[in-house]
Amino acid sequence: MKSLWVLRVVAVVHAVAICLQPVFMGIYLDGTPAGLGMHETTGLSLVFVGLTQLLVATVWWRSGGRVAGPLVSLIVTTAEVFQAVFGYSRSLAIHIPLGITLVGTTIGFALWTTRQRPTPKRRTKKRRTKEEAVTA
């Protein structure tokens, strides 16, 4: 199933990007001001990657996958929006623990997608015409 493969790719990209966030903040704290810009840009991009993941997970679920995919993606994307808000408001007491939780959850979701098996294609029943129903 192609949607599962797309979900896996998006989930891995999401996990890699979110793992870069602490690295970029470390670059900033090490004295390079560009690190803060990279942290900000990646943080905002993560919201859009999360929305993409939510869309792909929903398509996968609707085509026979598990409902946990879009549920976790919705929770992660919502948390990433809050994460951006807390970052801009400098609420580090929430921003840092939420960021750690998001990193772990996103990595866990990417690993979870690799353990999912494609569902077999659904067979649609052929509708009988009136003539076939009469002769049956």
Side-chain angles (χ1 to χ4, degrees):
M1 176 182 303
K2 292 181 181 180
S3 60
L4 179 57
W5 284 102
V6 174
L7 179 59
R8 288 173 179 164
V9 169
V10 172
V12 168
V13 167
H14 198 175
V16 169
I18 207 164
C19 286
L20 290 174
Q21 285 295 83
V23 174
F24 294 150
M25 188 45 59
I27 291 170
Y28 171 70
L29 292 174
D30 199 34
T32 307
L36 186 60
M38 292 185 289
H39 183 78
E40 176 185 17
T41 303
T42 306
L44 293 175
S45 299
L46 282 169
V47 174
F48 293 105
V49 173
L51 288 171
T52 303
Q53 179 176 298
L54 175 59
L55 175 67
V56 175
T58 303
V59 169
W60 174 64
W61 166 56
R62 297 298 295 161
S63 65
R66 298 182 58 184
V67 72
L71 259 163
V72 171
S73 297
L74 177 63
I75 291 168
V76 166
T77 303
T78 303
E80 286 173 340
V81 169
F82 282 112
Q83 180 71 343
V85 169
F86 291 130
Y88 279 117
S89 67
R90 305 283 191 248
S91 301
L92 298 182
I94 300 171
H95 184 73
I96 293 171
L98 181 57
I100 293 167
T101 303
L102 280 168
V103 168
T105 304
T106 306
I107 292 170
F109 183 77
L111 293 173
W112 179 81
T113 62
T114 63
R115 299 189 52 100
Q116 300 307 303
R117 299 289 172 240
T119 55
K121 290 186 178 184
R122 294 181 184 175
R123 294 184 181 197
T124 57
K125 291 184 179 180
K126 181 181 173 186
R127 291 184 165 213
R128 290 191 207 180
T129 62
K130 287 183 181 180
E131 295 84 26
E132 290 174 341
V134 171
T135 59

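Basis for what follows: all heavy atoms, side chains included, without hydrogens, waters or symmetry-related copies. If you read the sequence from its start, that first residue is 1, and numbering goes on from there. Given the structure is predicted, the values throughout are model-derived calculations rather than measurements.
Exactly one residue among Leu71, Ile18, Val49, Thr105 makes a side-chain contact (heavy atoms from CB on, under 4.5 Å) with Val76. That residue is Thr105.
By the rule that hydrophobic residues join a cluster once side-chain heavy atoms approach within less than 4.5 Å of another member, Val72 and Leu54 end up as members of separate clusters. Both Phe82 and Leu102 are part of a single hydrophobic cluster, where members link through side-chain heavy atoms under 4.5 Å apart. Follow the hydrophobic side-chain contacts under 4.5 Å out from Val10 and you never reach Val12; the two are in separate clusters. Using a 4.5 Å cut-off between side-chain heavy atoms of Ile, Leu, Val, Met, Phe, Trp and Tyr, with links allowed through other members, Trp60 and Val6 fall into the same hydrophobic cluster. Clustering ILVMFWY residues whenever any of their side-chain heavy atoms sit less than 4.5 angstrom apart, transitively, puts Ile75 in a cluster other than the one holding Val59.
A search for side chain to side chain donor-acceptor pair (under 3.5 Å) contacts involving Glu40 returns Tyr88, not counting sequence neighbours. Scanning for ring pair (Phe, Tyr, Trp, His ring centres under 6.0 Å) contacts around Phe86 gives an empty result, with sequence neighbours left out. Annotation: side chain to side chain donor-acceptor pair (under 3.5 Å) contacts of Thr41 (sequence neighbours excluded): none. Residues passing the side chain to side chain donor-acceptor pair (under 3.5 Å) test with Ser89, sequence neighbours excluded: Ser91.
In this structure, Arg8 forms a cation-pi arrangement with Trp5, its terminal cationic atom sitting closer than 6.0 Å to the ring centre and no more than 45° off the ring axis.
Within the 3.5 Å criterion, the main-chain N or O of Pro22 finds no donor-acceptor partner in the side chain of His39. Judged by distance alone, the side chain of Thr106 and the main-chain N or O of Val103 form no donor-acceptor pair under 3.5 Å.
Annotation for Ser3 and Val56: closest pair O-CG1, 3.6 Å, computed over non-hydrogen atoms. Residues Leu4 and Thr113 approach most closely at CD1-O, 4.2 Å, considering heavy atoms. The heavy-atom pair separating Leu46 from Ala17 by the smallest distance is CD2-CB, 3.6 Å. Taking each heavy atom of Trp112 and Gly69 in turn, the nearest pair found is CH2-N, 3.8 Å.
Residues in residues 69-81 take part in these side chain to side chain donor-acceptor pair (under 3.5 Å) pairs, two or more places apart or across chains: His14-Glu80, Gln53-Ser73.
Contact of the Leu7 side chain with the Gln116 side chain is not registered, since no non-hydrogen atoms from C-beta on lie closer than 4.5 Å.
In this structure, Met25 CE and Leu36 CG are separated by 5.0 Å, a value rounded to the nearest 0.5 Å.
When hydrophobic side chains of Ile, Leu, Val, Met, Phe, Trp and Tyr are connected at separations under 4.5 Å, Leu20 ends up clustered with Val23, Phe24, Ile27, Met38.
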